[in-house]
**Q** 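Quick one: the structure is below, questions incoming.
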Amino acid sequence: MLEKNYDANSVEPRIAKKWDEAKAFAAGAGAREGADPYAIVIPPPNVTGSLHMGHALNNTLQDILIRYQRMLGNNVLWQPGMDHAGIATQMVVERKLNAEDKKRTDFSRPDFIDKIWEWKEESGGTIFNQLKRLGASCDWSRERFTMDEGLSEAVREVFVSLYNEGLIYRGKRLVNWDPHFETAISDLEVENIDVDGHMWHFKYPLAADPETGKPATYEYVEKDEDGNVTLTETRDYISIATTRPETMLGDGAVAVHQSDERYAPIIGKLCEIPVGPKEHRRFIPIITDDYPDKDFGSGAVKITGAHDFNDYMVAKRNDIPMYRLMDTKAALRADGAPYAEEAAKAKAIVESGELPDENTVDAINLVPDEYRGLDRYDARKKVIAAITAEGNAVMTTDEEGNPIPLVEKNKMQQPTGDRSKVVIEPMLTDQWFCDAETLAKPALASVKEGRTNFVPKTWENTYYNWMENIQPWCISRQLWWGHQIPVWYGPKPSDVVAAKEHADLVNAGTDLNVYRDAAWLRSIARFEIFAMHTFQDNPKSYSSVLGEVVDVGELDSWKVVEVESPEAAMHHLTSSLIEGKLEYPVYRDPDVLDTWFSSALWPFSTLGWPDKTKELETYYPTNTLVTGFDIIFFWVARMMMMGNHFMKDDAGKIVEPFHTVYVHALVRDKDGQKMSKSKGNVIDPLELMDKYGTDALRFTLSIMAAQGRDVRLDEDRIVGYRNFGTKLWNATRFAEMNEVKHAEGFKPEDAKLQVNRWILTELSKTIEDVSEGIEKYRFNDAAGAAYKFVWNTFCDWHLELLKPIFNGDDAAAKAEAQAVAAYVLDEIYKLLHPFMPFMTEELWAETAESRDTLLCHAEWPKPQVQDQAAADEINWLIELVSEVRSVRTEMKIKPSLEMQLVIVGASDETKARLERNDAAIRRLARMSDVSLGGEAPEGSAQIVVGEATVCLPLKGLVDFAAEISRLEKEIEGIDKDLKVVGGKLNNEKFVANAPDAVVQENRDRLAELEEKHEIVNEALQRVRSFN
RNA sequence: GGGCGAUUAGCUCAGCGGUAGAGCACUACAUUGACAUUGUAGGGGUCACUGGUUCAAUCCCAGUAUCGCCCA
């Protein structure tokens, strides 16, 4: 006998163990002979991750699909794995070191990476155990990690291929720089946050006329919309507005819109940046461009190409030098020569009118000596103070009429790092980029041409929008943890080779061949002198610069070695030349790749690519990708780009990584707020599983996962669905008490009793609904159909209707009832298994002495019995009983009081039904007797069911006034419906235009309503006459 | 500024050209007979607003309002 309550906490680990021991989730487990493959790759959680509600929803939905497909007998693989999560992981380990009073830079790079691997072994991947607890039926034996050797090989393969195709390149670009982690990040990792900012207005004085030496002036004229002059004044400056005064130090120009008449007189003239030592003030040109907005600020903008994305474009278009002002921590630069020298270089550039190469410009540090090393915000304060003190701030007046600097408050969007939460600094740096635009084209076509489909479809627009406006993807990160970029450089900067491994560096056809450049080699002689000069007296220091030297291989008559840095390479080359050896040193690019680069390969790298494995052949392309919309750009789009580029069939045709992308919603709290630690509204799925059991959580998430809507999770809902589990548990317990047992060889079609044929028919319908719901990713419909069937059909009615049979004397009926109940319960376990795997697996085992398979491998139900007559009969019975109950309650008749039922005007069919269901009616409607009568007994309440009038003789019990009012109310309702239906049918246009079926439906309904109206009206007259 | 979505019962949400639904909450009653994690019954809705299309609109279209998200 089952326990009275289901104890999730003891059952779940036991069932999990059972699955594990049976290797129930191994790829292909439980598959039919010759089955179709069905594969899903898990969105790899971060190795640092812990299960949150988003994971719970995401993996529950995947598990439903996977378990369903497995039960259909398909060859199923759910591929699990984890992401190395570059920044997040490095952050976690650095934080741990900080707690021990150590920091990353106390370690060498390899030692620090070892520390991370140690951390991973100890505490990484707890999320896998949490996913197992959720019941995720992944093939855990195939767990992969983006940093493991196989996946790393795939990363190198892809990088080198794309590099050789010119789709990956290095360049100096303006990128989003995270000053906390001191690395570049991609656009997607930047969050724009609304903040209250300030806009300062400053005067840039015009340069003196070069010919006369006199201060330059112009007539500044402002007009209103109608062209009337509103202001005229003579100015010797141009006024600019800026939210970032500290970047003025790096200005290369002032720009105005070409159509802005106000500034037309001074286009091409020079103006002074009003900050820094007076004797070294820099002058910059006033230029025109499309970018400035005439109506914003003064209409004139300063152009700081190295620290602003818009300015960068303007500077590019107009050959304006871009001066970098900050270091990797976003403090003002302290490198280079004293300011006076550096400013002179900038002056020379302006005067020559020729733009030197970008590295030369980048080397110039235009931060005045007094500002060097300052944090960017401290520098801002000092710059503002200095300009204001000098009288170059645009002034206004305060409330009392005193002059004050004009500082506008303005709402602005501040870019912040999604991990670090610090303000992102646009920085001009050397980075690696992936040509996303080229890769996006086929990926776009795949969706447009329907080879990959988003569900719900509306997400396709989001995808198009992004893919059509895609920017180069910055893939390099200045971190230590990640896939190091497989590019080696020789001592000469132009010597660049991408290689999967050392051997490829010295293979035939390598690009590593600068040593063949005799002229260049001769020039190396210079370094000989340099090296001797530097290290002669201090050989120890020499070896410390050299660092480790690793043999790479032979190339021509040279020995190629790998060293640790560009400096080491140069010294090594020099020293080997001194010693008369032909040793050619290379060093590897220190950057690592964006974490999402390896995730982009996930659907094929996890299956063994670039090797041609059996798994790859079987399970690629995968079927469905289940993900949240927040990573469509980060992940889905990039998998499409990489998958389409690298995965082709034998005919060279693209094979997309998946054919369906199911995008589910975000889980929010019950008030619709996004869950976040700072808001303190995070609901921990693990706590919920402890409290209500995993199945309750899973069922709740499934039934709430309607397409296109966020899931607002309310704990009360979980309580409700926990109760649903209990209901099923107790239904099974009840069955057990009545010796309901799985009957070997029972065929549903053999059932004779209407009540059984009815439930089997309802079951068929439910099987269709649940299957269709899952197939169409309408998880809420699927779960809802199962819920309704189990509780409102099977428990509320079928089991109730079986009670008189179980308690009766008809042995054959009893045997059939037992067999059918057992059969239906088995089918229920199967239907619910994808949603509630633990409880159903437990019940499956508990309800038979032995089973051929685990429930997770049992065959998915198929509709068997369709018996409309039985369905009609029992639905009639349900209506009858419900009506009687309703009237009893309304008439305030004690439930314990047994009454007599007299049916008037019954057809032959109704008579037969009454006979067949006599016991059930008496039990469920609490009647002592059911009889047929010619007319309604005096003092009856009367109910119209179909053609018959059901009379409850209530003489002495019933409140006739109440009964009259009840019947009047009913007639009122019927009249209302009659009016609607009749109105339609009287409308010629309706009859002419509506589909025949609809017209007929309304005709039938009208007839039905009219008949009912008549019968109820008769009943009403009768009651009135009793009164 | 551009785009997407939402607005249905007190709450959380389904639905969707032709009888407006669920769960929770609420009210009344019942019972320890599988289940109080229960049963029976009940109340509760101008389907945001304004127009339009249609024989017919909660549903389609346009506009308005409010809210949310994404992108600049």
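The chains referred to below are lettered A, B, ... by the order of the sequence lines, with proteins before strands, and numbering in each begins at 1.
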**Q** Measuring from the side chain of K984(A) (C-beta onward, heavy atoms only), which nucleotide among A41(B), G23(B), U19(B) has the closest atom?
**A**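 Looking only at side-chain atoms, K984(A) lies closest to U19(B).
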**Q** What contact category does N5(A) fall into here, base, sugar-phosphate, or nothing, at under 4.0 angstrom with non-hydrogen atoms?
**A**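 Contact class for N5(A): base.
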**Q** Counting heavy atoms from C-beta on, name the nucleotide in A14(B), G39(B), C55(B) closest to the side chain of A994(A).
**A**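 The nucleotide sitting nearest to the side chain is C55(B).
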**Q** Which nucleotide sits closest to the side chain of C795(A): A41(B), A34(B), U12(B)?
**A**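 It is A34(B).
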**Q** Do NZ/NE/NH1/NH2 and the carboxylate oxygens of R1005(A) and E1008(A) come within less than 4.0 Å?
**A**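 Here R1005(A) does not pair with E1008(A) in a salt bridge, since their nearest N and O are not under 4.0 Å apart.
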**Q** In this structure, how many angstroms lie between the C1' atom of A72(B) and the CD atom of Q471(A), rounded?
**A**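 My rounded result for the distance is 11 Å.
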**Q** Quick one: which of A41(B), U37(B), A34(B) gets closest to the side chain of L799(A)?
**A**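 Ranking A41(B), U37(B), A34(B) by closest atom to the L799(A) side chain puts A34(B) first.
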**Q** Among U40(B), A34(B), U37(B), which is the nearest nucleotide to the side chain of K727(A)?
**A**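 Closest of the options to the side chain of K727(A): A34(B).
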**Q** What is the distance from CZ of F724(A) to C1' of C35(B), rounded to the nearest Å?
**A**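 My rounded result for the distance is 13 Å.
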**Q** Any side-chain N or O of N723(A) under 4.0 Å from OP1/OP2 of U38(B)?
**A**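 So the side-chain polar atoms of N723(A) do come within 4.0 Å of the phosphate oxygens OP1 or OP2 of U38(B), strictly under.
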**Q** Of the candidate nucleotides G18(B), U40(B), C71(B), which contains the atom at the shortest distance from the side chain of F633(A)?
**A**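 Nearest to the side-chain atoms of F633(A), counting from C-beta on, is C71(B).
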**Q** Return no unless some side-chain N or O of S886(A) is found under 4.0 Å from OP1 or OP2 of U40(B).
**A**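 No, because none of the side-chain N or O atoms of S886(A) sits under 4.0 Å from OP1 or OP2 of U40(B).
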**Q** At under 4.0 Å, does any side-chain N or O of R926(A) touch on OP1 or OP2 of U40(B)?
**A**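 Answer is no, no contact under 4.0 Å.
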**Q** In whole angstrom, give the distance that lies between atom CD of E3(A) and atom C1' of U37(B).
**A**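 Computing the E3(A):CD to U37(B):C1' distance gives 16 Å.
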**Q** Establish, yes or no, whether the cationic atom of K803(A) lies under 6.0 Å from the six-membered ring centre of F734(A) and within 45° of the ring axis.
**A**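 Pair K803(A)/F734(A) counts as cation-pi.
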**Q** Counting side-chain heavy atoms from C-beta on, which of A41(B), U37(B), U12(B) comes nearest to R717(A)?
**A**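 Ranking A41(B), U37(B), U12(B) by closest atom to the R717(A) side chain puts U12(B) first.
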**Q** Pick the C1' atom in A20(B) and in U8(B), then give their distance to the nearest Å.
**A**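 Looking at atom C1' only, A20(B) and U8(B) are 8 Å apart.
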**Q** Would you please indicate if the ring centroids of F454(A) and W459(A) are separated by under 6.0 Å?
**A**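 Here the rings of W459(A) and F454(A) have centres that are no less than 6.0 Å from each other.
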**Q** If the plane angle is over 60° it's perpendicular, under 30° parallel, otherwise tilted; pick one for Y787(A) and F724(A).
**A**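 Geometry flag for F724(A) against Y787(A): tilted rings.
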**Q** Which part of the nucleic acid, if any, lies within contact of R1005(A), taking any heavy atom under 4.0 Å across all strands shown: a base, the sugar-phosphate backbone alone, or nothing?
**A**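 Contact class for R1005(A): base.
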**Q** P995(A) has a side chain; which of A34(B), G18(B), G3(B) sits nearest to it?
**A**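 The closest nucleotide is G18(B).
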**Q** Just by distance, no angles: are the side chains of N875(A) and E879(A) close enough, under 3.5 Å, to form a donor-acceptor pair?
**A**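 The answer is no; no qualifying pair exists.
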**Q** Would you kindly give the CZ-to-C1' distance between F454(A) and C4(B), to the nearest whole Å?
**A**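 That distance rounds to 14 Å.
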**Q** Less than 4.0 angstrom between a side-chain N/O of K803(A) and OP1 or OP2 of A34(B), yes or no?
**A**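 Yes, K803(A) has a side-chain N/O under 4.0 Å of OP1/OP2 on A34(B).
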**Q** Which nucleotide in the set A72(B), U40(B), G18(B) lies at the smallest distance from any side-chain heavy atom of N192(A)?
**A**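 The listed nucleotide nearest to N192(A)'s side chain is A72(B).
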**Q** Measure NZ/K4(A) against P/U38(B) and give the value in whole Å, please.
**A**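 Distance, rounded to whole Å: 12 Å.
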**Q** Out of U40(B), C35(B), G3(B), which nucleotide sits closest to the side chain of R733(A)?
**A**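 Looking only at side-chain atoms, R733(A) lies closest to C35(B).
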**Q** Is there a side-chain contact between N730(A) and the phosphate of A34(B), meaning an N or O under 4.0 Å from OP1 or OP2?
**A**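 Indeed not, no polar side-chain atom of N730(A) lies that close.
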**Q** Between F779(A) and Y662(A), is the ring centroid distance below 6.0 Å?
**A**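 For F779(A) and Y662(A), the ring centres are under 6.0 Å apart.
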**Q** Examine A34(B): is either OP1 or OP2 under 4.0 Å from a nitrogen or oxygen in the side chain of W791(A)? Give yes or no.
**A**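 For W791(A), the contact criterion (side-chain N or O under 4.0 Å from OP1 or OP2 of A34(B)) is not met.
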**Q** Please report, rounded to the nearest Å, how far the P atom of U54(B) is from the NZ atom of K989(A).
**A**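 Atom NZ in K989(A) sits about 9 Å away from atom P in U54(B).
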**Q** Whole angstrom is fine here: how far is it from CG in L701(A) over to P in U12(B)?
**A**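 Result: 18 Å.
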